[in-house]
Amino acid sequence: MKKLIAQSFVLSVLGVASLGAKGSPQDLPPPPPPPVATMHVEKPVIRGGDPGPVPAIQSIYAAYSKYEVVTMEAGHGNQNMDQFIYSLLIDNHFPGRIQDIVVECGNSLYQPSLDRYIAGGKVEASEIQRVWRNTSQPMCAVSSFYEQLFPLIRRLNQRLAPEKRVRVIAGDVPIDWNRVRTRDDLMQAPQDRDGSIATIMEKEILSKHRKALMLFGIDHLYHGSVGDADALGAVGRYERKYPGITFVIADHTGFGNGTPYERFNNELEQRMSSWPVPSVTTHLAGSWLADILDKTESAGVVTKMRLGEDDKMITSVASVANGRAFATMVDAYLYLGPRDLLLNETVPAHVLLDKSFVAEMRRRAALMGDSEVTDQADPDKVSAAGYSPFYYEGNP
């Protein structure tokens with residue numbers, strides 16, 4: 001199922017969760033696997049008031065009157081989400097509302113190059129491509145979203161007065177792939193991604209009280225803990241010092257995906273059939289929407305990885321919600337249409353035709369090991385025969 005796969009890419013070898021040196025299973029007890037879709041469950045009884053959806057773009061920009069940071073998912077395979085963000089940026093509410101855009105698919109090692117490019121300076125294509133191709137996340141390297149996002153912001157800046165231009169801030173760890181030649185090198189590379197994101201946010205945004213848009217995988221953005229009580233995501237970490245200034249938006253990709261409850265998705269989605277596309281609701285607490293999300297485990301999973309005694313990567317998953325109410329994790333819920341009509345982001349053909357880059361991606365995949373985490377960017381596993389036009393690949 002696409003959503004769970006996308007989240008595992010977010011939290012890959014250099015991800016949120018623990019990834020230490022080789023150790024015993026006691027180092028990271030694997031949680032039980034999620035329930036299989038074939039298990040029998042009763043249809044959940046849903047209660048609660050109307051969440052009151054409203055048109056999305058104007059509502060999101062209105063949030064900046066109360067909050068300094070607005071967050072949402074981006075560049076994780078959902079083409080509808082990509083297009084929504086493009087629409088958000090070209091909307092007439094954009095100029096002057098946002099000062100910074102902070103992205104997950106941006107290697108902070110190359111921030112000077114990114115600054116020059118976004119400001120309109122002359123930067124060679126090969127230099128700016130390093131920003132998203134050389135992150136710790138394989139999916140970034142083949143994402144068509146960032147190949148379009150950065151040029152779009154650069155062009156928007158060229159149309160704006162200097163005082164309204166935005167800066168793009170790279171939020172990923174400063175990994176230097178030129179120095180990562182062995183598995184040991186990889187294990188020595190920066191790995192605390194959420195800690196790095198939180199530090200960058202505090203230094204560049206929060207301490208300066210600038211208005212920012214954060215574009216990251218949703219697991220980095222939840223209020224509070226992720227997976228367990230001690231595993232804070234990026235927003236959860238910096239909120240200990242800067243509470244109450246971040247507006248977290250989760251996007252709808254279906255109900256119960258990857259659980260036995262996914263068989264009820266179409267029926268549950270009927271409650272949203274009259275919602276505008278795109279629309280957003282900020283009235284989650286006490287609503288039938290929050291009740292559905294809580295009862296169908298729709299917050300998703302977090303992926304944890306560690307090295308086993310045989311030097312192979314061991315992957316396990318745990319519920320992101322971990323018993324918490326969904327309405328305490330986010331502030332708003334974005335609807336871009338029914339789950340089964342969401343489209344899949346494609347891999348740009350020119351990326352896979354770049355022989356030197358393909359060779360580099362094979363090298364990185366070999367270092368990371370045989371894992372679904374690397375599959376999206378491993379040229380040997382990206383096949384037109386296996387391509388689906390739809391973001392959700394399940395068939396309940």
Side-chain angles (χ1 to χ4, degrees), residues 7 10-12 14-20 27-28 31 60 63-74 98-106 108 111 135-137 167 169-175 190-251 282 284-285 290 293-294 299-305 318-333:
Q7 287 175 336
V10 177
L11 305 167
S12 68
L14 303 174
V16 167
S18 301
L19 175 62
D27 293 337
L28 180 63
I60 289 172
Y64 282 102
S65 63
K66 180 179 178 182
Y67 298 92
E68 295 181 13
V69 180
V70 172
T71 76
M72 65 184 69
E73 184 158 325
I98 298 173
Q99 295 169 293
D100 301 294
I101 300 175
V102 191
V103 298
E104 178 176 2
C105 286
S108 55
Q111 186 64 52
T135 70
S136 67
Q137 305 303 292
R167 184 185 182 204
I169 298 173
D172 197 36
V173 293
I175 184 172
Q191 296 184 20
D192 185 9
R193 298 185 60 233
D194 281 293
S196 179
I197 296 164
T199 297
I200 290 171
M201 286 295 297
E202 178 170 1
K203 177 184 176 181
E204 302 292 348
I205 309 293
L206 307 174
S207 64
K208 301 175 182 178
H209 299 286
R210 292 172 64 84
K211 300 286 187 177
L213 174 66
M214 283 184 74
L215 301 178
F216 285 78
I218 189 64
D219 293 325
H220 299 283
L221 307 177
Y222 289 124
H223 296 300
S225 63
V226 173
D228 58 68
D230 297 321
L232 289 171
V235 170
R237 292 195 192 192
Y238 74 62
E239 282 187 321
R240 290 176 294 185
K241 185 176 179 180
Y242 296 93
I245 63 172
T246 301
F247 186 73
V248 177
I249 304 171
D251 59 302
T282 59
L284 281 170
L293 293 165
D294 290 341
V301 299
V302 60
T303 300
K304 296 186 176 185
M305 305 187 71
S319 169
V320 171
N322 198 32
R324 290 175 295 147
F326 191 83
T328 68
M329 299 166 61
V330 304
D331 303 292
Y333 196 75

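- Proximity of Ile169 to Ile205: side-chain heavy atoms (C-beta onward) are separated by under 4.5 Å at one or more points.
- Within the 4.5 Å cutoff, side-chain heavy atoms of His223 are placed close to those of Val235.
- Residues Ile249 and Val330 are not in side-chain contact: their nearest non-hydrogen atoms beyond the backbone lie 4.5 Å or more apart.
- Expressed to the nearest 0.5 Å, how far OH of Tyr67 lies from OG1 of Thr246 amounts to 9.0 Å.
- The shortest side-chain heavy-atom distance between Leu213 and Asp100 does not fall under the 4.5 Å cut-off.
- When every heavy atom of Ile200 is checked against every heavy atom of Gly171, the shortest pair comes out as CD1-O, 3.9 Å.
- For Asp194 (side chain) and Gly233 (main-chain N/O), no donor-acceptor pair under 3.5 Å exists by modelled atom type.
- Contact detail for Arg193 and Val173: the closest heavy-atom pair is CA-CG1, 3.9 Å.
- Looking at Thr135, its side chain never comes within 3.5 Å of a backbone N or O of Asp172 through a donor-acceptor pair.
- At least one donor-acceptor pair under 3.5 Å links the side chain of Asp294 to the backbone N or O of Phe326.
- Checking side-chain atoms of Tyr333 against main-chain N and O of Ala290 turns up no donor-acceptor pair under 3.5 Å.
- Looking at Ser196, its side chain never comes within 3.5 Å of a backbone N or O of Asp192 through a donor-acceptor pair.
- Smallest separation of non-hydrogen atoms from Leu215 and Ala74: CB-CB, 3.6 Å.
- Salt bridge Lys66/Asp331: absent, no basic N to carboxylate O contact under 4.0 Å.
- In summary, Glu204 and Arg210 do not engage in a salt bridge, as defined by a charged side-chain N under 4.0 Å from a carboxylate O.
- Glu104 contributes a side-chain N or O that, together with a main-chain N or O of Gly217, makes up a donor-acceptor pair within less than 3.5 Å.
- Ser108 contributes no side-chain N or O that, together with a main-chain N or O of Ala170, makes up a donor-acceptor pair within less than 3.5 Å.
- Atom-to-atom distance recorded for Met72:CE and Leu221:CG is 10.0 Å, nearest 0.5 angstrom.
- Between Asp219 and Tyr222 the shortest heavy-atom distance is OD1-CE1, 3.5 Å.
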Q.
Is there a side chain to side chain donor-acceptor pair (under 3.5 Å) between Thr199 and Tyr238? Walk through the geometry before answering.
A. CA-CA 8 Å; Thr199 297; Tyr238 74 62; over 6 Å; no
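- A donor-acceptor pair under 3.5 Å is formed between the side chain of Gln99 and the backbone N or O of Lys211.
- Residues Ser136 and Ile175 come closest through the heavy atom pair N-CG2, 3.9 Å.
- Rounding to the nearest 0.5 Å gives a distance of 12.5 Å between CD of Glu73 and CE of Met214.
- In terms of modelled atom types and a separation under 3.5 Å, the side chain of Arg237 and the main chain of Ala234 share no donor-acceptor contact.
- Within the 4.5 Å cutoff, the side chain of Phe216 has no heavy atoms near those of the Thr71 side chain.
- Between Ala332 and Phe247, the shortest heavy-atom distance links the atoms CB-CZ, 3.6 Å.
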